[in-house]
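Input: a single structure, listed below in structure tokens.
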2 protein chains.
Amino acid sequence: MRAKTEQPGRQGVLDAAAELFVAHGYAGTTLRQIADVAGIKAGSIYHHFASKQDLFAAVLEQGIVVMVEAFDEANSAAVTAPDRLFAHVRAHLGALFENGPFTTAHVTAFHNAPVEVRESAVDRRDAYENMWAGLLADLFPRINVKELALHRLILFGSLNSTIEWFDRSGNLSLDQLAQVVTDQFLHGVAS
Amino acid sequence: MRAKTEQPGRQGVLDAAAELFVAHGYAGTTLRQIADVAGIKAGSIYHHFASKQDLFAAVLEQGIVVMVEAFDEANSAAVTAPDRLFAHVRAHLGALFENGPFTTAHVTAFHNAPVEVRESAVDRRDAYENMWAGLLADLFPRINVKELALHRLILFGSLNSTIEWFDRSGNLSLDQLAQVVTDQFLHGVAS
DNA sequence: AACTCTACCTAACGTTTGTTTGGTTAGTTG
DNA sequence: CAACTAACCAAACAAACGTTAGGTAGAGTT
């Protein structure tokens, strides 16, 4: 079992890095491991990225891009309030499970990464959260902003934690998962 | 800013280790950092623990103990269904925020740790999850087990993710947070 | 007073880490 | 064909890593 050459060049390094950062964290991943998966030698990474931190920042960046694109696409997908919410929940889960490990890196590797790298991504993460805040304010005009922020954070927790247990090859589809989360968010389990 | 001698001996090492593992992850934390916070030298750690993995396993172990104790105490605290649920939600949040960084390590450092150490904690983690499964089956006898497991995982995601954003020194108390989470779980936001 | 145990220290070990330097190769452009 | 560039490699660097070995100081026991 040796190096798997998936994609050449810069994107190949990014793919390998994202996968390994998600699995073993920032400090737990070595440049030699990344290079091995990418099918090159460790020193060659520096042709594409200035440092390990720079590489990780690029992974986070691509993860945000995937999320924002998914959100934008979901925006023009539904009309009624519950359907709009479902579409965005489904989009977020899609970013986590259907677009490679880039978005996932924000959940599993972000917290333990060095401060400098985290700060480089904070602005774009905030922007994404604000898109959600705007959406929820639109859908639930009767709930005040402060309480709505709480509900949003709780929802985010549910969504992001799915990567710890959800199995795409199981008998529950992503659509069904999105439906369960949306229903629970809207009506709770007691309904 | 140098070494802070908080508690001597084995427990002092454990405290320091838990704090740093939570902040920087398993691989991102060095034995020299732990020793520095504990007020001793790196080699001395081996008087109390056989290896870094062994030390991390001990942190996880203590984190589980705190959770299970909190759960058991909550068991004899309420009568009505919503109150029982609230008591256990509050207990879980208490384990996360009021008993040192040990339980928190299960959320932030568990995923990226080496497989061998994770496996050493899997049984006890499963046992805790089964306590919750039993509780929910008791509270919601009309919902089938499979669906209830989904709701439980979603709830766990919400609860554990609070460590990413909840600020104990803010104007929202732990009791209030527990109430919001419980209400959202039971009735959703649309109610 | 000799013994034993716990809790540490100093100093080193082999290995691995991120990173740098100086090439080499293949493809493109003038 | 010469010049240039992008994408790599081989080999090394100092620093930091987990870990080990041997020793010391103090308290408790016999």
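The chains referred to below are lettered A, B, ... by the order of the sequence lines, with proteins before strands, and numbering in each begins at 1.
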Contact summary for A:S120 and A:A57, nearest pair of heavy atoms: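 For A:S120 versus A:A57, the nearest heavy atoms are OG-CB, 3.9 Å.
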Heavy-atom protein contacts under 4.0 Å, nucleotides 14-22 of chain C, coded B base, S sugar-phosphate only, - none: ---BBBB--
Phosphate OP1/OP2 of C:dC8: any B:H48 side-chain N/O under 4.0 Å: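 It does, given that an N or O in the side chain of B:H48 lies less than 4.0 Å from OP1 or OP2 of C:dC8.
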Mind checking side chain to side chain donor-acceptor pair (under 3.5 Å) for [X] and listing every partner two or more places apart, or none if nothing turns up?
{"X": "A:H88", "answer": "A:N75"}
{"X": "B:S158", "answer": "A:S158"}
{"X": "B:D123", "answer": "none"}
{"X": "B:H111", "answer": "none"}

Nucleotide range of DNA chain D lying under 4.0 Å from chain A heavy atoms: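 With heavy atoms of chain A under 4.0 Å away, the range is D:dA6 to D:dA12.
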Qualifying ring pair (Phe, Tyr, Trp, His ring centres under 6.0 Å) pairs, either residue in residues 158-188 of chain A, two or more places apart: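 Output for this query lists A:F97-A:F166.
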Any pair counted as ring pair (Phe, Tyr, Trp, His ring centres under 6.0 Å), so long as it reaches residues 43-66 of chain A, sequence neighbours left out: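 Every ring pair (Phe, Tyr, Trp, His ring centres under 6.0 Å) pair that includes a residue of residues 43-66 of chain A, provided the two are not neighbours, is A:F21-A:F56, A:Y26-A:F56.
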Residue pairs involving residues 129-155 of chain B (criterion salt bridge (charged side-chain N to carboxylate O under 4.0 Å, His left out); sequence neighbours excluded):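 Of all non-adjacent pairs touching residues 129-155 of chain B, those that pass salt bridge (charged side-chain N to carboxylate O under 4.0 Å, His left out) are B:R84-B:D138, B:E129-B:R152.
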Pairwise salt bridge (charged side-chain N to carboxylate O under 4.0 Å, His left out) hits with a residue in residues 169-186 of chain B, at least two apart: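 Sorted pair list: B:R90-B:D175.
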Rounded to 10 degrees, the angle between the two terminal axes of the helix from C:dA1-D:dT30 to C:dT17-D:dA14, each from five pairs: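 Result, rounded to 10 degrees: 20°.
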A:E164: salt bridge (Lys or Arg N to Asp or Glu O under 4.0 Å) partners, not counting sequence neighbours: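 Testing A:E164 for salt bridge (Lys or Arg N to Asp or Glu O under 4.0 Å), a comparison that skips the adjacent residues, returns none.
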